[in-house]
Each structure stands twice: as C-alpha cells, then as structure tokens.
Novice: 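One structure is given below, represented as structure tokens, and several questions about it will come after.
Just follow the structure's listing: the first ligand is 1, and inside any ligand the first atom is 1.
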Amino acid sequence: MSITIRNIQKSFGQFKALKNINLEIGAGELVALLGPSGCGKTTLLRIIAGLETPDTGVILFHGENTTHMHVRDRHVGFVFQHYALFRHMTVFENIAFGLRVRPKETRPSDAEIRRKVHDLLNLVQLDWLADRYPAQLSGGQRQRIALARALAVEPKVLLLDEPFGALDAKVRKELRRWLRRLHDELHITSVFVTHDQEEALEVADRVVVLNEGQIEQIGTPDEVYDHPATPFVYQFLGDVNLFHGRVHEGQARIGDVQLELPGSPERRDSAVFYARPHEIDILREPDGQAAIAAQIIDIRALGATVRVELERQDDHGIVEVEMSRDQFNSKDLDRGESVYLQPKRLRVFAERNGEENLGSAA
Ligand SMILES: Nc1ncnc2c1ncn2[C@@H]1O[C@H](COP(=O)(O)OP(=O)(O)O)[C@@H](O)[C@H]1O
Ligand SMILES: [Mg+2]
C-alpha cells in the first residue's frame with residue numbers, strides 16, 4: 001500500500017517539530033527516515049500511524065485520506081526500540097495476542113491461530129523459542145519476536161522506530177541484513193526510523209534525510225551518499241574534512257594552495273570545500289602549489305583500511321585520510337613524517353540548497 005505524506009506540520013507549544021513534510025512512499029517500498037536525535041522522526045512515524053494528529057496536512061494510504069481513520073483500521077504494524085513484549089506471556093502468546101483480541105466475527109479459530117503463530121515463528125527463524133518468556137531471550141531475539149507479533153495482524157504498513165537501537169553493534173548488523181531479506185520476501189510497505197547512517201544506507205530502498213523537522217534530501221542510498229544535496233547530508237552520511245578558502249579564477253584557493261576545480265563558480269570570496277577521507281591522496285613530494293603540507297600524527301589500521309591523521313602545517317587543523325592497506329603499505333608512511341595532501345575530489349555547496357559543483361583537483 002502506498003503512503004502519501006502531504007504538507008504535514010506539527011508543533012509542540014512554540015516548538016516546530018515538523019515543518020511541511022511532503023513524501024511519497026511506494027507500495028512495497030522500504031524507506032528509511034534518517035536524522036539526528038530530535039529531528040522529528042518518531043513524530044512523523046506516529047502521525048503516519050494515527051497515534052498523533054498533525055496541525056496541518058494529510059496522510060493518504062493508497063490514495064485514501066486517513067484523517068478520520070481509526071488507528072485500528074489503518075492496518076499498521078509497529079516495532080519500537082524498547083521491547084514491547086508482554087513479560088508475563090510466552091513468545092507464542094505474545095505473537096497470538098493481536099489475533100486473540102479481535103472481535104469474534106473476524107477472530108481465527110484456535111487451530112488457525114496456532115498454525116499462523118508457528119508460520120510467523122518460522123519466518124523469523126525462532127520456532128524453537130515458542131514456550132519461552134521474554135526475559136529468557138536475547139535482545140536480538142526479542143526484536144525478531146516483536147516483529148513477528150507486528151506481522152501477525154497482517155499489516156499493510158510496517159513502522160519500525162529504531163528497532164535495533166538498543167542492541168550491540170554486531171547483532172544490529174546481523175538483524176539489519178535479516179530485515180532486508182525478510183522485506184524482500186514479504187514486500188510490506190515499510191518505514192524504518194534510524195539515526196544510524198550505515199543502517200539506513202544498508203537496509204533501505206530509499207533514504208529520507210531529516211534535519212530539524214525538514215527533509216534535506218530524498219534518494220537511493222547511492223544518491224544521497226554520492227550526491228549529497230546539502231552540507232548537512234554530506235556531513236551526516238560520513239566522515240568529512242572541511243577546508244576553508246575561496247574560489248578564484250575557477251580554482252579552489254586554500255591558503256597558498258591552488259587546486260583546479262573544473263566547472264566551479266568563477267569567484268567566491270569565502271567558501272568551504274568538502275572532501276571525504278578516501279578522497280585525499282598523500283604525496284611525498286610537493287606538487288607545485290597543488291598540495292597542502294601536513295605532518296602525520298597518527299596511523300590506525302581498521303580492518304582492510306588504514307586511517308592516517310595529519311595536522312596541517314598552516315595550523316588549520318586536522319585532516320583524516322583513509323586508504324586501503326595495500327596502498328598504505330606501498331607508501332611506507334610513518335608517524336611524524338612531513339607529507340603533502342592532495343584532494344582528488346572537492347565539493348563546494350551553494351549558499352542555499354543544492355550541490356552547486358564538484359570538481360576534481362587531481
Ligand atoms: N509530546 C511532545 N511534547 C513536546 N515536545 C515533543 C513531544 N514529542 C516530541 N517532542 C519534541 O519534538 C522534537 C522531535 O521529537 P522526535 O520526533 O521524538 O524526534 P526523533 O525521533 O527524531 O528523535 C524533539 O525536540 C522532541 O523533544
Ligand atoms: Mg525517535
């Protein structure tokens with residue numbers, strides 16, 4: 001079922017939690033709402049569910065206005081960060097709950113409920129836990145059971161609010177892959193809230209980046225990562241180095257350093273250039289005026305990549321460079337060495353929205 005979010009605004013007292021949100025979610029899509037804590041993700045999710053009323057705007061389910069639709073009639077399944085399982089019920093009874101409380105006319109028979117619950121337990125690969133109590137499960141198992149319980153009522157829309165937020169990193173990673181596979185199997189229209197960029201990029205078909213109650217960008221994981229629309233998106237989606245300078249005759253000027261910036265504006269007296277750690281080369285020799293002098297202050301191997309931390313000689317701060325272990329080994333770098341930094345790619349953003357330009361400096 002598709003979801004249309006149109007002109008949604010929501011204030012709490014004077015505080016504007018959501019400022020005119022517009023979003024189309026296609027049937028069967030898995031969309032991530034990504035943004036820092038307090039940006040309005042949960043509020044938007046609760047409005048979609050009908051648990052919160054917007055000040056203005058409408059939510060349409062499959063083109064139908066839900067304004068006067070009761071929560072119960074929206075066919076929405078929920079999974080929250082904090083395990084909302086009933087502690088005094090077994091796993092089986094937790095999943096069966098939503099079916100047992102249906103009005104008599106639509107309530108399945110006991111045999112049907114049993115079959116359904118076991119199907120769901122198989123789906124989340126935890127059939128062997130049917131008779132356990134929530135306290136006897138690991139955090140990851142509880143969240144899978146919570147998902148099975150949400151699916152029991154055959155929701156047309158699945159809303160997940162930081163479902164793996166309380167779990168440790170390794171379990172989170174497993175569960176997000178598992179969720180992706182499950183979604184590929186079931187194709188229920190799903191909205192997944194997270195403040196973790198890696199999680200959003202790995203799980204979702206499309207990512208909606210929110211900041212201070214506004215949408216900064218909507219796009220596929222590749223689009224938002226490779227073509228961030230705003231400095232906020234750029235910085236939120238990964239590590240970044242900032243270089244302050246100006247644009248002159250189509251070149252980026254950072255102190256005395258001059259870098260070609262094809263297609264750039266002719267002139268800007270003050271500009272911020274952005275480069276990710278893997279977009280910067282470390283050179284042993286200066287390349288005319290096209291590299292920034294720096295000293296290596298730390299080197300850290302992280303699995304297959306190596307992170308080099310450098311301090312600019314012009315006292316303009318720390319730069320982080322990332323490269324593969326092979327590249328690192330061939331360069332033979334040591335802590336304390338003086339080297340030169342050359343951005344392979346720099347971005348400049350327009351004052352307002354929109355990526356104005358990206359240029360290759362190498
Ligand atoms: N019921 C409420 N009353 C007052 N302020 C609220 C209420 N719910 C949320 N807020 C505020 O709205 C903002 C967005 O909250 P929320 O949607 O929970 O953000 P997120 O889920 O992105 O962390 C926060 O600043 C929060 O304090
Ligand atoms: Mg929240």
Novice: Any luck finding a side-chain donor-acceptor pair between N65 and T67 under 3.5 Å?
Specialist: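 Present: a donor and an acceptor within the cut-off.
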Novice: Strictly inside 4.0 angstrom of atom 21 (O) of ligand 1, do you find any protein heavy atom?
Specialist: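 For atom 21 (O) of ligand 1 the answer is yes, since some protein heavy atom falls inside 4.0 Å.
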Novice: Looking at E212 and K16, does any basic side-chain N land under 4.0 Å from a carboxylate oxygen?
Specialist: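 K16 and E212: not salt-bridged.
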Novice: Is F15 close to ligand 1, meaning an N/O of one under 3.5 Å from an N/O of the other?
Specialist: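 Min N/O separation from ligand 1 is not below 3.5 Å for F15.
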Novice: My understanding is that only one of R276, R307, R300 makes a salt bridge (Lys or Arg N to Asp or Glu O under 4.0 Å) with E320; could you say which?
Specialist: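 Answer after filtering R276, R307, R300: R307.
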Novice: Does G35 come within less than 4.0 Å of ligand 1, judged by its heavy atoms?
Specialist: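 Per 4.0 Å heavy-atom rule, G35 does not contact ligand 1.
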Novice: Does ligand 1 have a heavy atom under 4.0 Å from the side chain of C39, from its backbone, from both, or from neither?
Specialist: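 Both of them.
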Novice: Considering non-hydrogen atoms of the protein only, which is the closest contact for atom 19 (O) of ligand 1, and what is the distance?
Specialist: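 The closest heavy atom on the protein side is G40 N, 3.3 Å.
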Novice: Before accepting this row, confirm whether a basic side-chain N of the pair D168/R172 lies closer than 4.0 Å to the acidic partner's carboxylate O.
Specialist: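 No, D168 and R172 are not salt-bridged.
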Novice: Provide, to 0.1 Å, the distance between atom 18 (O) of ligand 1 and the closest protein heavy atom, together with that atom's residue and name.
Specialist: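 Answer for atom 18 (O) of ligand 1: T42 CB, 3.6 Å.
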Novice: Would F12 count as a polar contact of ligand 1, with the cut-off being nitrogen or oxygen pairs under 3.5 Å?
Specialist: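 N/O-N/O distance under 3.5 Å: no.
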Novice: Of the protein's non-hydrogen atoms, which lies at the shortest distance from atom 14 (C) of ligand 1, and what is that distance?
Specialist: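 Among all protein heavy atoms, the one nearest atom 14 (C) of ligand 1 is G38 O, 3.4 Å.
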Novice: Determine whether more than 12 heavy atoms belonging to other residues, nucleotides or ligands lie under 6.0 Å from atom NZ of K116.
Specialist: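 Yes.
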Novice: May I ask you to list the protein N, O or S atoms found at less than 2.8 Å from the Mg ion (ligand 2)?
Specialist: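 Correct list: T42 OG1.
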Novice: May I ask you to decide whether K173 forms a salt bridge with E202, counting only side-chain N to carboxylate O separations under 4.0 Å?
Specialist: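 Looking at E202 together with K173, the answer is no, because their closest N to O distance does not fall below 4.0 Å.
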Novice: Please check atom 26 (C) of ligand 1 for a protein heavy-atom neighbour under 4.0 Å.
Specialist: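 Within 4.0 Å of atom 26 (C) of ligand 1, no protein heavy atoms are found.
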Novice: How far is atom 17 (O) of ligand 1 from the closest protein heavy atom, and which atom is that?
Specialist: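 For atom 17 (O) of ligand 1, the nearest protein heavy atom is T43 OG1, 2.5 Å.
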Novice: Answer yes or no: is there an ion pair linking R115 with D119, defined by an N-O contact shorter than 4.0 Å?
Specialist: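 So R115 pairs with D119 through a salt bridge.
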Novice: Looking only at heavy atoms, which two atoms of R246 and D269 are closest? And how far apart?
Specialist: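 Shortest heavy-atom contact: CB-O, 3.3 Å.
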Novice: What side-chain donor-acceptor pairs closer than 3.5 Å can you find for residues 29-36, not counting sequence neighbours?
Specialist:
{"from": "E29", "atom 1": "OE1", "to": "G26", "atom 2": "N", "distance (Å)": "2.8"}
{"from": "E29", "atom 1": "OE1", "to": "R206", "atom 2": "NH2", "distance (Å)": "3.0"}
{"from": "E29", "atom 1": "OE2", "to": "R206", "atom 2": "NE", "distance (Å)": "2.5"}
{"from": "E29", "atom 1": "OE2", "to": "R206", "atom 2": "NH2", "distance (Å)": "3.4"}

Novice: May I ask you to check whether A17 has an N/O atom sitting below 3.5 Å from an N/O atom of ligand 1?
Specialist: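 So ligand 1 has no N or O lying under 3.5 Å from an N or O of A17.
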Novice: Check this for me: H118, atom NE2, are more than 12 non-hydrogen atoms of other residues, nucleotides or ligands nearer than 6.0 Å?
Specialist: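 Yes, the 6.0 Å shell around NE2 holds more than 12 heavy atoms from other groups.
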Novice: Is it possible for you to say whether L123 and V91 belong to one hydrophobic cluster, with membership spreading through side-chain heavy-atom contacts below 4.5 Å?
Specialist: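 Same hydrophobic cluster.
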